[in-house]
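Everything below concerns the one structure shown next.
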Amino acid sequence: METKISIFVILLILCLTLTNAKYFESCALKACATTNSSKINVHLIAHSHNDLGWLKTAEDYFYGEHNDIQNGGAQYVLDSVLQALTQNEDRRFIQAETLYFWKWWQIQPENKRQIFKNFVDTGKIEMVGGGWSVNDEACVNYQSTINQLTWGLRILNDTLGECGRPKIGWQIGTFGHSREQASIFQQMDYNGIFFTHISDDKRATLNISHNLEFMWTTNDNFEKSNIFTSIMGSPYAPSGFCWDYVQCNSDGINDDPDSFDYNLDKKVDEFAQNIDHYAKYFRTHNILYPMGGDFQYQAAEINYLNIDKLIKGFQNHPVYNQTYNIFYSTPSCYVKEIEQSGVLLEVMKTEDFFPYNDNQHSYWSGLYTSRPALKKLERTSSNILKAAQQINSFAKMRKIINGSKAEENLRSLREAVATVQHHNAITGTQKERVAQDYSRMLRDAIKTNEEGVRNILRKLLKVNESADDVKLPLATCLLTNVSICEHTMKSRSLIVVYNPLARPIDYFLRIPVNNVNYTLTGPEGFVDFDIVRHMQYPIKYPSSSDYELVAAINIPPMGLKVYYLEKVNDKSVAIEPQKVESDPVFLKSGGSTLRFDPITRTHNVTINNRTEKLTQEFLFYRSNNGSADGISSGAYVFRQVAGNPPLNVLDKKYYEVLYIEGKVVQEIIQRVGKYVTQTIRLHSEKANEDSIDYVEFDWMIGPLDNNTVDIKNNVGKEIIAQYSLDGIKNYYFYTDSNGRQMLERKNINISYTDLTKEAFSSNYYPVTSFIALKDYMNNVKWSILTDRTQGGANVKVGYLELMLHRRTLEDDHKGIEEALQEMEFGKYAVTRGSHYITMSYVNDSKVERILALNKLLQPWVLTADATSDDLALDKLQKIIKFQWNGLTINEGKGLPNNINILNFEPWKEDTYLLRLEHILAIGEDKELSEKASVDLKNLFDPFVISSISELTLGANEFIDDKDIEGWNYTIVLEPMEIRTFLITLDQN
């Protein structure tokens, strides 16, 4: 792909300024080797890259099970390294994955822990990255990235102390690199980022300009956002220099000059040639060589012994000793040398490094969509974790539970969600067995977490201490997407809805029910609802329902409401869909309208006083099976059959349009083809004083079984939704960066006939939250928001497309050795999700920002079987409250729309972690994009903040090392700013 790198300042005379003045006194620099400015200094980095699941599960990899699949046992690495480091004081090592470090640490005797800590304290082992996992950068949301890094950093603080605080981002396994990830590292006070995976053409451009190292401007909203960035050639040792017998089999170095097989001089000569080739792309006399790879150093002495000989070979060589200075090092020592060199570094405002490709026909843009069911489960689990953190905090405040119990309640879900951020997890790039293990891990952690939450809610909702105690057997219905919720199919059920947002939210409660007559009672009394026959799931399960109850409710900020559903009689009351023949259908909500023409399948939509003609179609790409050149579509790679544009899914044999209208519900159901159905809804919601208007396209795709794909020709299918807005011609194309920054995208030339280029997959970008077109001529911005990460593109003028589901019949030869075939319940997966479409003026993004947050942090719905006598409505109303408010600030309106409580969770002892963020960027709204302030003092009335200290974004280091004194507790946030605080609370 042809890439243009935007240079913010070219050849700026700049010494690399490290963000932390104390950095040069840190432990990581205590054991740096002596460099020589007249030589090429070669920093050898001993490391082991240990995936948290890929070909094997994370547990398999830690314990070394199923080595017939891949020989990897992470627990052996640190044992082996410790022993090897004691043999030679010059040796060094770096450790990245906190999950494996923590599992290893827990089973070690105290003397071995102390040995490890001593090596960290003296700089011989450097902890890098610091996250629970080395997270992906394409498919993750920024909130999940911050959470998993925070948890990993806390583990390191608790075990290793100050010397264990990472200052280096070590992202060597991810498939492309995002601007927001770099910004997060910069905000966490890291001094540099190292990575490897960028597209061939971008690397070639940077090679020519000697810019494989630069200062990356990571966020335009901040005055200081630059971070040193180094793009390494490879995460692995050079060919011929990998001596770990477990993972590779390079010839060992024979340094006996009397031996017939003496090869030291040959090896030194080969490595010198490698250095010469590599060094020409860099501006300083320092280059970094990773000497490791996947699960290497399980037999560490073998690697180290040969590297020792290589180093000595250079030191004793009469010629090379004059040119090269080669030694063990760490990334922090390397960054120090770059800074002290005074060499000019360019400051680059490059957008990011997507999509990644490793040849001109192999773009790794399939992983943006692969395994959509897993991606959605991760999003749901992250949402539940956020709500559970808040609920446990409220319980700790009110002494319902103590701090250690609150943390214990959250631990399994924190760690499961953090594990799935791994770059071979959320990406869908793993074997099917491993994917099933990730799903199991998340579901089990949710269930474990529910045990603590139901006990908290039971006590939180009690009318008073003297009220009878009652069990609330609440659980999450994780299968509502397939119309399964066991509790709400009973004659009586309890429904608790918790809102994790810091402002009230309008919400459409949708739960599976029977087609009978019910009453729904909430805190305000009886609640209006409709029971409708919904879009049918294509695979029928015994416990699934054909009907759902829909009620429009409003939930207070960081609060909850309780609803009681009770069957009155067996009378059928459901609204049945009516078939639409040729007349247009109208939807209306608030000031917005939608007119759908069933013949032309077009929509006339009026949102925010704008009326536009919208068209939506479902299409599919035929997956390339690699029969021509061996390059196929698979879990990583998206590649359509050469020269084939997408084909329409529409099948007139199945096509029909249905319409439902009730007191609450207005919706259009379309059956587009045998395996594609969708429901269209128009929404107008209030977010405090702002109206949030949008169209929802609730689609269902699958199953992509053997009758759906082309088994005969071994060709899979990759399903897309393609949208167009009539009249948009001159525009700019944008996608988000991990749900936060908005980045302009540029396509290469699109040609169906030019088979030398991958016209579609090379122009696909990760869409974590939204994709948009801005037409400045007509002053309209059109955005599509997603409920999980998907691949998105703008491959035709005025069109946006998002990839929804994929099944390929061939492996793409990136290591998995399986075709991509996501399964659920032993069947080919059906994926269900929503796109949310809204329009606004080009310089107004508040609607997208607020809506994206609403969909990311949706209410958590828990249900319970209420058929026991103890849970009868009349008894329940006497002993529990049906509404509970966690945030009473601003007369119950919560915080302004531009401020979000990113985290409120129980921390150590009597403290809580509180993160606040400004959700808009500069210029995205006339008023809300300005700096914002919030008074924290009475945020959690009747509890007041009694002490407050500010931390770095990673919550592992105090800013100024002291409490914030003399403040009136008014916190000011600049656009896009996130601030992290450690607080204590006392009752007012």
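Aromatic pair His423/His49: centroids less than 6.0 angstrom apart. Here Tyr621 and Phe760 bring their ring centres to under 6.0 angstrom of each other. No close placement of the Tyr363 and Phe638 rings is indicated, their centers lying 6.0 Å or farther apart. A ring-centre distance under 6.0 Å is found for Trp170 and His47. Taking the six-membered ring for Trp and the full ring otherwise, Tyr723 and Phe697 have centroids separated by under 6.0 Å.
Taking the centre and axis of the six-membered ring of Tyr828, the NZ or CZ atom of Arg807 falls inside the cone set by 45° and 6.0 Å.
His835 and Gln790 are linked by a side-chain donor-acceptor pair at a separation below 3.5 angstrom, with hydrogens and angles left out of the test. In this model, no donor atom of one side chain and acceptor atom of the other lie less than 3.5 Å apart for Glu810 and Asn624. A donor-acceptor contact under 3.5 angstrom links the side chains of Arg806 and Ser370, judged on distance only. Defined by atom type and a distance below 3.5 Å, a donor-acceptor pair is missing between the side-chain atoms of Glu137 and Gln181. For the residue pair Asn424/Thr429, the side-chain donor-acceptor check at 3.5 Å is satisfied. With 3.5 Å as the limit, one finds no donor-acceptor pair spanning the side chains of Gln616 and Gln722. Under the 3.5 Å distance criterion, with hydrogens and angles disregarded, a donor-acceptor pair is assigned to the side chains of Thr831 and Arg788. Donor-acceptor pairing under 3.5 Å is lacking for the side chains of Ser48 and Gln296. In this structure, a donor-acceptor pair under 3.5 Å is present between the side chains of Thr419 and Trp132. A donor atom on one side chain and an acceptor atom on the other are not found under 3.5 Å apart for Glu378 and Tyr438. Donor-acceptor pairing under 3.5 Å is recorded for the side chains of Asn625 and Ser627. For the residue pair Glu718 and Ser633, a side-chain donor N or O sits within less than 3.5 Å of a side-chain acceptor on the partner. Judged by distance alone, the side chains of Thr57 and Asp60 do bring a donor and an acceptor atom under 3.5 Å apart.
Aromatic ring orientation, Phe295 versus Tyr61: parallel (interplanar angle below 30°, classes split at 30° and 60°).
Using a 4.5 Å cut-off on side-chain heavy atoms (C-beta onward), Ser769 and Asn141 make contact. The shortest distance between side-chain heavy atoms of Asp200 and Gln360 does not fall below 4.5 Å. Counting only heavy atoms from C-beta outward, the side chains of Ile701 and Phe618 approach each other to under 4.5 Å. Two residues are said to be in side-chain contact when any heavy atoms from C-beta on lie closer than 4.5 Å; Tyr799 and Thr615 fail this criterion. No side-chain heavy atom of Leu385 sits under 4.5 Å from any side-chain heavy atom of Gln143. Contact check for Arg414 versus Asn147: no side-chain heavy atoms found under the 4.5 Å cut-off. Using a 4.5 Å heavy-atom threshold, the side chains of Lys746 and Phe733 count as separate. A heavy-atom distance below 4.5 Å is found between the side chains of Leu809 and Ile711.
In terms of heavy atoms, Gln430 sits closest to Trp54 at CB-O, 3.4 Å. Of all the heavy atoms in Asp352 and Lys202, the pair that sits closest is O-NZ, 2.5 Å. The shortest heavy-atom contact between Ser382 and Gln421 is OG-NE2, 4.2 Å. Residues Ile771 and Thr735 share a closest heavy-atom pair of CG1-CG2, 3.9 Å. In plain terms, the two heavy atoms of Phe825 and Leu479 that are nearest each other are CZ-CD2, 3.7 Å. Closest non-hydrogen pair, Gln858 versus Tyr836, comes out as NE2-OH, 4.4 Å.
Remark: side-chain polar atoms of Thr229 are not paired, donor with acceptor, to backbone N or O of Ile193 under 3.5 angstrom. One N or O on the side chain of Glu822 and one on the backbone of Leu374 form a donor-acceptor pair closer than 3.5 Å. The backbone N or O of Leu800 lies less than 3.5 Å from no partner atom in the side chain of Asn794, so there is not a single donor-acceptor pair. Panel note: side chain Lys56, backbone Gly72; a donor-acceptor pair is recorded below 3.5 Å. Remark: side-chain polar atoms of Asp629 are paired, donor with acceptor, to backbone N or O of Ile631 under 3.5 angstrom. The main-chain N or O of Met232 is never found under 3.5 Å from a side-chain atom of Thr196 such that the two would form a donor-acceptor pair. Of the possible donor and acceptor atoms, none in the side chain of Asn449 sits under 3.5 Å from a partner among the backbone N and O of Ala388. A donor-acceptor pair under 3.5 Å is absent between the side-chain atoms of Ser178 and the main chain of Ala138, judged by distance alone. Asp444 places no side-chain N or O within donor-acceptor distance of the main-chain N or O of Leu442, the cut-off being under 3.5 Å. A distance-only check finds no donor-acceptor pair linking the side chain of Ser632 to the backbone of Gly626 [under 3.5 Å].
Note on Arg379 versus Asp787: no salt bridge recorded, every NZ/NE/NH1/NH2 to OD/OE distance being 4.0 Å or above.
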message = The test is side chain to side chain donor-acceptor pair (under 3.5 Å); show your working for Tyr675 and Lys717 and say whether it passes.
response = CA-CA 12 Å; Tyr675 56 90; Lys717 278 188 175 179; 3.1 Å; yes

request  = Check the pair Glu617, Asn648 against side chain to side chain donor-acceptor pair (under 3.5 Å), reporting the backbone distance first and the verdict last.
outcome  = CA-CA 7 Å; Glu617 292 184 299; Asn648 207 310; 3.0 Å; yes

ask   = Yes or no on ring-ring contact (aromatic ring centres under 6.0 Å, His included) for Trp216 and Phe353, after CA distance, side-chain angles and deciding distance?
value = CA-CA 12 Å; Trp216 190 352; Phe353 295 91; 5.4 Å; yes

task = Take Glu758 and Arg639, measure what salt bridge (charged side-chain N to carboxylate O under 4.0 Å, His left out) needs, and give me the verdict at the end.
result = CA-CA 7 Å; Glu758 297 297 326; Arg639 188 190 188 201; 3.0 Å; yes

request  = Any chance you could lay out the salt bridge (charged side-chain N to carboxylate O under 4.0 Å, His left out) test for Asp651 and Arg671, step after step, and finish with the verdict?
outcome  = CA-CA 9 Å; Asp651 187 337; Arg671 187 170 187 187; over 6 Å; no

query = Should Asn707 and Lys674 be marked as a side chain to side chain donor-acceptor pair (under 3.5 Å) after you check the CA-CA gap, both sets of side-chain angles, and the distance that decides it?
reply = CA-CA 10 Å; Asn707 295 320; Lys674 181 181 178 183; 5.7 Å; no

query = Are Thr786 and Lys855 close enough, and set up right, to give a side chain to side chain donor-acceptor pair (under 3.5 Å), and what steps lead you there?
reply = CA-CA 8 Å; Thr786 63; Lys855 299 309 177 184; over 6 Å; no

inquiry  = Using salt bridge (charged side-chain N to carboxylate O under 4.0 Å, His left out), reason through Lys103 and Glu59 one step at a time and then give a plain yes or no.
reply    = CA-CA 10 Å; Lys103 287 181 73 70; Glu59 292 290 298; 3.2 Å; yes

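When the shell of 6.0 Å around NZ of Lys827 is examined, it contains 12 or fewer heavy atoms from other residues, nucleotides or ligands.
The residue from Arg440, Arg433, Glu432 that alone fulfils the side-chain hydrogen bond (donor to acceptor under 3.5 Å, both in side chains) condition with Gln436 is Glu432.
To the nearest 0.5 Å, atoms CG (Leu804) and CD1 (Ile719) are separated by 8.0 Å.
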